[in-house]
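For reference, the structure discussed in these notes is given below.
Reckoned from all heavy atoms, side chains included, excluding hydrogens, waters and symmetry mates.
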Amino acid sequence: MSCLTSRPTTVNSRLFFSRTSPVQGYVASEVHSVLLQRPQAQCWSCRYPRVTEALTGMRKVSALCIGVRQWQRRRVHRVEKQLAPSDFAPKFSSWTDSCGTAQYRQRTRTRQLPVSRNRWWIGPKPAAAHFASRIVCLGESSSSKLRATRAASVPALGPDPILQASASEIVEKVQTGTWTAMQVVERYLQRLQETEPHIHAYINVDEQFAREQAALIDQKRERGEALGLVAGVPISIKDNLLTRALPTTAGSLLLENYQPAEDATCVRRLREQGAIILGKTALDEFGMGSSSENCAFGVVRNPRDLTRVPGGSSGGSAASVAASSALLSLGSDTGGSIRQPAAFCGVVGLKPSYGRVSRYGLIAYASSLDTVGPIGRSVEDITRCLAVIAGPDPHDLTTLADTGISLDALPDIEEALVEERKPLANIRLGVWTEALEMPQLASEARLALQEAIATFSSLGASVVPVSMPSFQAACAAYYILASSEASANLARYDGVRYGVRQDGARTAAEMTRRVRTRGFGPEVKRRIMLGTFALSAGYVDAYYRRAMQVRRLVTDDFWRAFQHCDFLLSPVSPTGAFALGAKAGIDLYAEDVLTVPASLAGLPALTLPANPSARLPTGMQLIGRFGDDVGVLRLGRLYERVAGAASLANAT
């Protein structure tokens with residue numbers, strides 16, 4: 001039985017396989033040649049070394065590759081007995097392209113997608129061909145197909161007082177009656193209709209529900225009732241946060257018809273403060289990805305360049321803010337899923353301290369790493385959003401016990417800019433030396449970071465080089481820990497409690513296998529296999545426990561670093577937004593190398609566009625001490641004001 005041609009699913013911490021299912025992923029292109037030409041006794045790990053490395057991250061998959069030769073012989077005998085080569089080869093070659101799973105998804109996933117589950121779509125209701133057109137083939141052959149099917153550019157945003165207003169301006173004008181909440185919503189829905197056919201940032205949009213929320217806010221204002229901190233502000237929600245009024249899919253066919261019974265805590269708090277939810281945004285399935293190409297309902301495109309990825313897994317949230325189809329968005333960050341998309345799309349994203357925001361209602365990926373955070377156009381906007389969603393929650397015992405975030409910190413920044421010539425005179429800014437010395441770091445990212453360092457120095461901050469010796473091992477440890485937790489968290493999707501049940505199974509194990517075979521995508525299955533392998537009896541000490549030790553080393557390195565500085569500055573990603581389908585496997589995992597250390601330590605990290613006026617912006621991240629979310633926001637707000645004024649002066 002081959003580890004790569006099998007279909008994994010976990011039941012009671014064991015790994016089950018279905019030998020009769022089609023081969024998936026990038027090995028599928030050579031299926032008929034492998035099976036019909038009777039290969040010699042050769043393990044898939046030897047035949048595809050890079051594939052197995054991406055599968056486990058450890059180059060040790062011998063335990064999963066038992067009996068390959070015998071299984072292949074049985075498979076070849078059965079195939080030759082039932083089908084002629086001319087009948088067999090087209091069956092597989094028509095499902096796959098040279099290196100991707102796109103055609104496989106087109107045939108097996110989109111054809112079963114119900115049209116009725118989407119509350120709203122641009123134009124006529126979509127057929128299977130609509131979703132098939134949104135699938136971008138992965139691998140080397142994708143560039144030519146992408147150029148052939150490239151959508152038109154995103155409509156430019158001209159002078160528009162509503163779309164260009166900040167959250168505080170919208171709240172003020174709605175409270176005073178200058179604008180109505182209905183006017184704001186109608187303008188954002190119009191903008192959403194203009195941009196959505198090009199970027200596909202949303203999975204679900206309910207126009208009627210948005211208008212009902214706006215009408216309630218206008219009625220409260222007419223009655224003289226107090227409005228909330230985000231009254232009338234249009235917000236999009238990542239589709240792994242529960243919403244009672246809209247379906248929640250987590251980007252997976254396994255939950256395509258799931259209707260939550262209640263809102264997540266952060267969503268409920270936003271609605272109580274008057275936020276208007278426009279829809280649910282696309283993401284990598286269950287948050288597992290760094291490019292938003294692993295969503296079961298289509299690939300998200302970067303509004304800055306439609307041939308490039310918006311980052312992941314909160315790519316839909318970042319793209320909706322960058323395209324002005326939402327003013328704010330809620331995302332989740334496990335190893336960089338807020339910060340990297342924000343950097344790729346040229347917006348601001350915050351991963352709060354672990355426990356700052358309740359995780360109640362967040363579909364779990366890796367519970368010890370998952371964090372809910374805001375994405376917006378400015379630090380001021382995300383601070384307002386964080387002030388609403390932060391705070392203790394009796395439903396989540398991991399939340400911090402303090403009172404949360406206050407907006408009182410922002411006026412201090414304005415006063416500092418006016419009254420003090422060197423407002424950062426007492427701030428020590430640490431520069432992550434290993435990050436700057438990375439050979440993979442693009443020259444644009446290095447130059448942008450150097451300009452940011454010069455800006456902070458001009459404000460009086462003292463720049464201190466800081467070393468993180470555990471930096472090289474952090475990414476590998478993260479993927480072991482996250483995959484291990486995912487293999488446990490996703491065990492609940494068995495077709496009984498969650499998931500679309502598949503009829504016709506004679507046993508519970510067969511039903512579970514059918515549900516997970518159809519529902520989980522290739523990347524989710526890959527990480528379940530990796531996590532199950534790392535937690536197995538013979539390997540838990542070698543992998544999982546060692547990864548936990550590395551996590552402690554990363555935390556200790558941050559503690560030592562903050563003895564010499566107050567904040568850390570580093571790039572967000574080694575490269576900028578890359579082309580759709582350009583990276584996969586370990587190349588894609590390596591995109592998280594600069595973001596996972598802060599996630600492992602649970603520290604607050606803020607992404608800011610280092611060159612917001614560029615066509616493809618580059619992001620930088622500010623990392624603070626645990627719990628010092630306000631300090632990170634204040635420093636980011638100060639830089640944003642100074643850098644924004646400088647770019648405006650250069651433009652004029």
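- Residues Thr399 and Asp393 have side chains that never bring a donor and an acceptor to within less than 3.5 angstrom of each other.
- Residues passing the salt bridge (charged side-chain N to carboxylate O under 4.0 Å, His left out) test with Arg492, sequence neighbours excluded: none.
- A side-chain donor from one of Ser236 and Ser320 sits under 3.5 Å from a side-chain acceptor of the other.
- A donor-acceptor contact under 3.5 angstrom links the side chains of Glu485 and Ser368, judged on distance only.
- Paired with Val379 under the rule side chain to side chain contact (heavy atoms under 4.5 Å, CB included), one option of Val632, Leu608, Leu638 passes, and it is Leu608.
- Shown are Arg359, Arg339, Arg356; of these, the salt bridge (Lys or Arg N to Asp or Glu O under 4.0 Å) with Asp333 is made only by Arg339.
- For the salt bridge (charged side-chain N to carboxylate O under 4.0 Å, His left out) test, residues two or more places apart in sequence or in another chain that qualify with Arg271 are Asp263.
- Not one N or O on the side chain of Arg187 forms a donor-acceptor pair closer than 3.5 Å with the backbone of Ile162.
- Using a 4.5 Å heavy-atom threshold, the side chains of Ser313 and Tyr365 count as separate.
- A distance-only check finds a donor-acceptor pair linking the side chain of Ser292 to the backbone of Gly311 [under 3.5 Å].
- When the shell of 6.0 Å around OH of Tyr498 is examined, it contains 12 or fewer heavy atoms from other residues, nucleotides or ligands.
- Looking only at atom types and distance, the side chain of Ser570 has a donor-acceptor partner in the side chain of Gln621 under 3.5 Å away.
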Kindly indicate, with the supporting measurements, whether the criterion salt bridge (charged side-chain N to carboxylate O under 4.0 Å, His left out) is fulfilled by Arg384 and Glu380. CA-CA 6 Å; Arg384 180 174 291 270; Glu380 181 184 3; 5.3 Å; no
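- Residues forming a salt bridge (charged side-chain N to carboxylate O under 4.0 Å, His left out) with Glu222 (at least two apart in sequence, or on another chain): none.
- Looking at Lys238 and Ser317, their side chains never bring a donor and an acceptor atom within 3.5 Å of each other.
- Under the 6.0 Å cut-off for aromatic ring centres, Tyr493 and Phe286 qualify, their centroids lying closer than that.
- Side-chain contact annotation: Ser332 with Asp370, donor-acceptor N/O pair under 3.5 Å absent.
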Hey, mind stepping through Ser291 and Lys583 against side-chain hydrogen bond (donor to acceptor under 3.5 Å, both in side chains) and telling me if it holds? CA-CA 9 Å; Ser291 62; Lys583 295 186 179 182; over 6 Å; no
